[in-house]
**Student:** 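What follows is a single structure, and I will ask about it in a moment.
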Amino acid sequence: LSLPSLLNTVAMSTKSSHSPAPGKKGGSDGGKADESLMATIMSLIKKYDRLLNERPLLTKAATSGTIFGLGDILSQLIAPKPGTGGQFSLRSTFAYSAFGFFISGPLIHAFYRQLDRALPKDSDQQFVALKRTLIDRLLLAPPYLLLLYYSVPLFEGRSLAFAHAKVKDSFLDVLKMNVKIWSLFQFININYVPQKYRVLFMCGLSLLWNIYVAIKRR
């Protein structure tokens, strides 16, 4: 199942449900504009899907970098970061985008490829879906969060000592929260989302989570 084919099915269904009844005049300017917009969106999605097949690593890195940067921008707009005096921090956005592009996207791409090779979803082993999720939770989540804690401050131009202090202050609490909140979503992502869309799925959820945290912080 590919994203373009799924969305194309939805688009065709929507178009047929809004088509004019026999004898009625259709083809309004609004309808044509909607069809044009849908065609543009579908074209972009097909190009993105093709890039996932032709250049998976670069495309997933760019996806992760873009969404991480967008998440930081929205987070700052909703609730400015402490210590900034309410000013927008381009350095923070750069740091999160760099983390997404250079670390998060490539790491998740490589990890899920190896996971699918070592323990395929259609394996005959018992509880294979649970095992795959446990591997993600135990082998990926802790080092991933450590990389986030250390790399973002360094990308911001802060010291290693500053990053280390942040790890000591809140890493374990964040890891516990990650296990409690994200395990269900990762179970779905790892076992039911096609491999090439997992970075997009994970980053999309992270974007929503950043917005939620920013709203709570405000």
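As the structure is a prediction and not an experimental result, all values here were calculated from the model.
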**Student:** Does any N or O in the side chain of Ser64 come within less than 3.5 Å of the main-chain N or O of Lys60, such that one atom is a donor and the other an acceptor?
**Tutor:** no
**Student:** Using atom types as modelled and distance alone, determine if a side-chain donor or acceptor of Arg132 lies under 3.5 Å from a backbone N or O of Leu119.
**Tutor:** yes
**Student:** Evaluate Leu148 against Val174 for side-chain contact (heavy atoms from CB on, under 4.5 Å), listing each step before the verdict.
**Tutor:** CA-CA 11 Å; Leu148 176 66; Val174 171; over 6 Å; no
**Student:** Determine, step by step, whether Tyr197 and Asp49 satisfy the side-chain hydrogen bond (donor to acceptor under 3.5 Å, both in side chains) criterion, reporting the C-alpha distance in whole Å, the side-chain angles of both residues, the deciding distance to 0.1 Å, and the verdict.
**Tutor:** CA-CA 9 Å; Tyr197 299 130; Asp49 197 68; 2.3 Å; yes
**Student:** Would Phe111 and Tyr144 satisfy side-chain contact (heavy atoms from CB on, under 4.5 Å), going step by step from the backbone distance to the final call?
**Tutor:** CA-CA 11 Å; Phe111 182 84; Tyr144 180 88; over 6 Å; no
**Student:** With distance as the sole test, does Arg198 use its side chain to make a donor-acceptor pair with the main-chain N or O of His109 at under 3.5 Å?
**Tutor:** no
**Student:** Is there a donor-acceptor contact under 3.5 Å from the side chain of Thr40 to the main chain of Ser36?
**Tutor:** yes
**Student:** Any donor-acceptor pair under 3.5 Å linking the side chain of Arg158 with the backbone of Ala163?
**Tutor:** no
**Student:** Less than 3.5 Å apart, any donor N or O on the side chain of Asn210 or Tyr96 sitting next to an acceptor on the other?
**Tutor:** no
**Student:** Establish, from distance only, whether the side-chain atoms of Asp72 and Ser92 form a donor-acceptor pair under 3.5 Å.
**Tutor:** yes
**Student:** Give a yes or no on whether the backbone of Ala129 and the side-chain of Asn191 come within a donor-acceptor separation of less than 3.5 Å.
**Tutor:** yes
**Student:** Output yes when Asp136 and Lys131 qualify as a salt bridge under the 4.0 Å nitrogen-oxygen rule, no when they do not.
**Tutor:** no
**Student:** Tell me if the aromatic rings of Phe99 and Phe155 count as close, with their centers under 6.0 Å from one another.
**Tutor:** no
**Student:** Side chains of Thr63 and Tyr48: donor-acceptor distance under 3.5 Å anywhere?
**Tutor:** yes
**Student:** With no hydrogens and no angle check, just 3.5 Å: does a side-chain donor-acceptor pair link Tyr150 and His164?
**Tutor:** yes
**Student:** Can you list the residues that meet the ring pair (Phe, Tyr, Trp, His ring centres under 6.0 Å) rule with Phe102, with sequence neighbours excluded?
**Tutor:** none
